[in-house]
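Quick one: this structure, given as structure tokens, is what I'll be asking you about.
Since this is a predicted model, take the numbers as computed values, not measurements. Excluded from the calculations below are hydrogen atoms, water molecules and symmetry mates; all remaining heavy atoms, backbone and side chain alike, are included.
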Amino acid sequence: MKNTNTTLRIHTYGLLAFISLAASDVAHASATLEATYTTGINNGWQKIERWRDSSGHIGNESFPADGRGDQSGQRATFFASSQPSSAQFLLYHAPGWDSNSRQTPVLLIHGANQDADLAWANPNEAGSYGCGRQNCPSQGLMQALANDDYKVFALNLAHKNGDGFIWAEQIANAIAQVKNKTGATQVDLVTWSKSAFNARMYISSLTNAWSTKFNSDVRKLVMLGAPNNGIDWSFRHGVNHTYGAYSQCGGSINGPTAHDQILCFGLWYSSSEWVYDSPYFPGSAQMLKALDDKYALPTTEQDWYTTYYGGLGFVSKGRGIATFTVNSLVDQVRSAGTDSSVQVYNLCGDQADMAFIHNEHTGPSDGVVFISSCIDSTGISNLAGSAVVATNHLELGWEPSAINQIKNWLGAP
């Protein structure tokens, strides 16, 4: 392992969010390179770096006590912790990052409960069904792009369900570092689900008062399975999700649920850990939006009404989606508008067939996000392309038809 220290200068703003400042008033944050790894790296990556945002505005976020949200495998080694500070991020370098000839480098950014390895380099890392199908390939989009002469990097976030403003800032930090390494003035982003939403925040300058406004450094933003008009999946089908999360019911899903209480094995259990205002899932409520006016609720599912609107049902008790949508950023993101210089692409799936998960079935979806939400273009100033492919939500980053579409968009003028 080689340790070095450098300074990365990022523009931030010291007044209220959404106020533009003159260049002379701009404050600068910095990120420090903490460690570099070049040997023994799995899944075909050439180099991994650990960086820390040193602006002083990003600290630790909370992790579930039972370890379900921890960094695992080599990520824990590279972070030097299974529960790293959200100020840290990993920057993965693919083969050819410093020698491939395509002018604009590509930065890959995973979604919630993913990582740079599983999402982009080895969809089989989690084993069967971990990629959305029973049989998962051992290579992914990283290899496909690197073999096609792209300079490829990937960002690995520290917290798997972190606050969206923090993810947006770390995306800005990673872009700046990729530019420094390659000499490029702009970077192409390929983002998945939650990171698509947070990358869109960055190119819309929907940021905190302290964080980086868009710096004209993104050429293309490719969004896979983005909840552009929000998501209400865990309230729409809440009891099934709650059983999958509550450990007392045998659950281990690392995600928030609609309920404070659940009845399983004849006993009632209460918990504030697995709800949308839990400190474990700060980025989740930011993507919520009630969509019951567009798609009817599944009235045959247990406790459908009290799950969505709040109250005591036969086997559950919750506060309803409206309690948590006060923290949603969906309509703010759509109103903010993307910078018109950025070409934006929406890639959506139409197969609701993920195994072991209660798929979204009350409207056309990829099993998680409604197609109408994914393909929604409100506030996208420069929509350069949209496509729907025959994949589910977990296949969008590696399935061949999806890869071909991504490559076509990246290669377009």
Side-chain angles (χ1 to χ4, degrees), residues 8-11 31 44-49 51 89-111 116 119-121 139-156 167-192 195-196 198-205 212-224 226 338-347 380-387 396-398 402-413:
L8 178 62
R9 297 176 70 82
I10 307 294
H11 294 294
W45 299 102
Q46 189 173 91
K47 180 167 72 169
I48 314 291
E49 294 175 343
W51 287 82
F89 66 90
L90 302 178
L91 187 64
Y92 283 61
H93 302 58
W97 69 268
D98 56 350
S99 59
N100 284 350
S101 63
R102 290 189 185 259
Q103 182 177 3
T104 305
V106 179
L107 177 64
L108 311 175
I109 313 172
H110 64 80
W120 309 118
Q139 295 188 354
L141 182 61
M142 178 272 276
Q143 290 89 348
L145 293 179
N147 290 338
D148 200 17
D149 211 26
Y150 285 93
K151 301 179 179 75
V152 181
F153 300 83
L155 170 62
N156 203 112
W167 276 36
E169 183 66 9
Q170 297 292 41
I171 289 169
N173 282 340
I175 290 169
Q177 184 56 27
V178 170
K179 288 165 53 185
N180 285 348
K181 289 173 174 293
T182 62
T185 59
Q186 291 186 310
V187 174
D188 288 342
L189 305 182
V190 179
T191 59
W192 200 339
S195 74
N198 300 149
R200 181 172 170 178
M201 289 169 61
Y202 172 60
I203 69 165
S204 302
S205 290
T212 304
K213 308 300 181 186
F214 181 56
N215 196 30
S216 299
D217 48 11
V218 175
R219 184 182 71 125
K220 295 174 181 281
L221 170 61
V222 178
M223 301 194 292
L224 315 181
T338 61
D339 190 285
S340 61
S341 68
V342 183
Q343 299 176 50
V344 180
Y345 301 85
N346 283 320
L347 184 62
I380 297 178
S381 303
N382 184 0
L383 182 65
S386 294
L396 280 166
W398 64 265
I403 287 180
N404 288 338
Q405 184 62 75
I406 294 166
K407 290 172 70 173
N408 287 339
W409 284 338
L410 292 177

Between Leu107 and Val190, is any pair of side-chain heavy atoms under 4.5 Å apart?
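The answer is no, as the side chains (C-beta and beyond) never meet within the 4.5 Å cut-off.
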Approximate separation, where rounding is to 0.5 Å, of Gln343 CD and Thr338 OG1:
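Going from CD on Gln343 over to OG1 on Thr338, the span is 11.0 Å.
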To the nearest 0.5 Å, tell me how far Met223 CE sits from Leu396 CG.
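That separation rounds to 12.5 Å.
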Taking the side chain as C-beta and beyond, is there a heavy-atom pair between Leu189 and Val222 under 4.5 Å?
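Not touching, per the 4.5 Å side-chain cut-off.
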Could you pull out the closest heavy-atom pair between Met142 and Ala121, with the gap in Å?
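Shortest heavy-atom separation between Met142 and Ala121 comes out as CE-CB, 3.9 Å.
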Grab the two heavy atoms, one from Ile109 and one from Ser195, that are nearest each other, plus how far apart they are.
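Closest approach of Ile109 to Ser195: O-OG, 2.8 Å.
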What's the separation between atom CG in Leu108 and atom CG in Leu145, rounded to the nearest 0.5 Å?
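Spacing of CG (Leu108) from CG (Leu145) equals 6.5 Å.
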Pairwise distance CG(Leu383) to CG(Asn346) - rounded to 0.5 angstrom
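Atom-to-atom, Leu383:CG and Asn346:CG are 6.0 Å apart.
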Quick one: closest heavy-atom pair of Ala172 and Tyr202, and the distance?
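Residues Ala172 and Tyr202, closest heavy atoms: CB-CE1, 3.6 Å.
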Can you sort out the partners of Gln46 under side-chain contact (heavy atoms from CB on, under 4.5 Å), two or more places apart, ordered by chain and number?
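Pro95, Trp97, Asp98.
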With heavy-atom distances below 4.5 Å as the criterion, would you say the side chains of Val106 and Phe153 are in contact?
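The answer is no, as the side chains (C-beta and beyond) never meet within the 4.5 Å cut-off.
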For Phe214, is there any backbone N or O sitting under 3.5 Å from a side-chain donor or acceptor partner on Ser205?
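Here the side-chain-to-backbone pair exists.
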Spell out, as yes or no, whether a donor-acceptor pair under 3.5 Å connects the side chain of Asn147 to the backbone of Gln143.
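Yes.
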Closest heavy-atom pair and its distance - Asn156, Ala116:
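Looks like OD1-N, 2.9 Å.
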Are the side chain of Arg102 and the backbone N or O of Asp148 linked by a donor-acceptor pair below 3.5 Å?
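Side chain of Arg102 to backbone of Asp148: a pair is present.
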Lys151 side chain to Ser99 backbone, donor-acceptor under 3.5 Å
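No; judged by distance alone, with no hydrogens or angles, the pair does not exist.
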Once rounded to the nearest 0.5 Å, what's the spacing between atom CG of Asn382 and atom OG of Ser340?
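If we round to the nearest 0.5 Å, Asn382:CG and Ser340:OG are 7.0 Å apart.
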So do Val187 and Val218 actually touch side chain to side chain, heavy atoms under 4.5 Å?
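With C-beta onward as the side chain, the pair stays apart.
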So if I apply the ring pair (Phe, Tyr, Trp, His ring centres under 6.0 Å) rule between His110 and each of Trp167, Trp192, Phe89, Trp398, which one comes out positive?
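It is Trp167, the one option of Trp167, Trp192, Phe89, Trp398 that forms the ring pair (Phe, Tyr, Trp, His ring centres under 6.0 Å) with His110.
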Could you tell me whether Arg219 and Asp188 make a salt bridge, using a distance below 4.0 angstrom between a side-chain N and a carboxylate O?
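Yes.
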Quick one: list whatever passes side-chain hydrogen bond (donor to acceptor under 3.5 Å, both in side chains) with Lys181, sequence neighbours left out.
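Scan of Lys181 (side-chain hydrogen bond (donor to acceptor under 3.5 Å, both in side chains), adjacent residues dropped) gives Glu49, His93.
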Which heavy atom in Lys179 sits nearest to a heavy atom in Asn215, and how many Å separate them?
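Shortest heavy-atom contact: NZ-ND2, 3.9 Å.
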Atom pair OG (Ser216) and CG (Asp339), whose distance is rounded to the nearest 0.5 Å
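Result: 5.5 Å between the selected atoms.
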With a 3.5 Å distance limit and no angle check, can you tell me whether Asp217 reaches the backbone of Gln186 through a side-chain donor-acceptor pair?
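No; zero donor-acceptor contacts below 3.5 Å.
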Quick one: list whatever passes side-chain hydrogen bond (donor to acceptor under 3.5 Å, both in side chains) with Lys47, sequence neighbours left out.
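Lys47: no side-chain hydrogen bond (donor to acceptor under 3.5 Å, both in side chains) contacts found.
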Run the numbers on Asn408 and Tyr345 for side-chain hydrogen bond (donor to acceptor under 3.5 Å, both in side chains), then give the verdict.
CA-CA 11 Å; Asn408 287 339; Tyr345 301 85; over 6 Å; no
Atom of Ala154, atom of Trp120 and distance for their closest heavy-atom approach
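Scanning both residues, the minimum pair turns out to be CB-CD1, 4.3 Å.
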Measure the shortest side-chain to side-chain distance between Leu90 and Trp51 over non-hydrogen atoms and say whether it is less than 4.5 angstrom.
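Leu90 vs Trp51: side chains apart.
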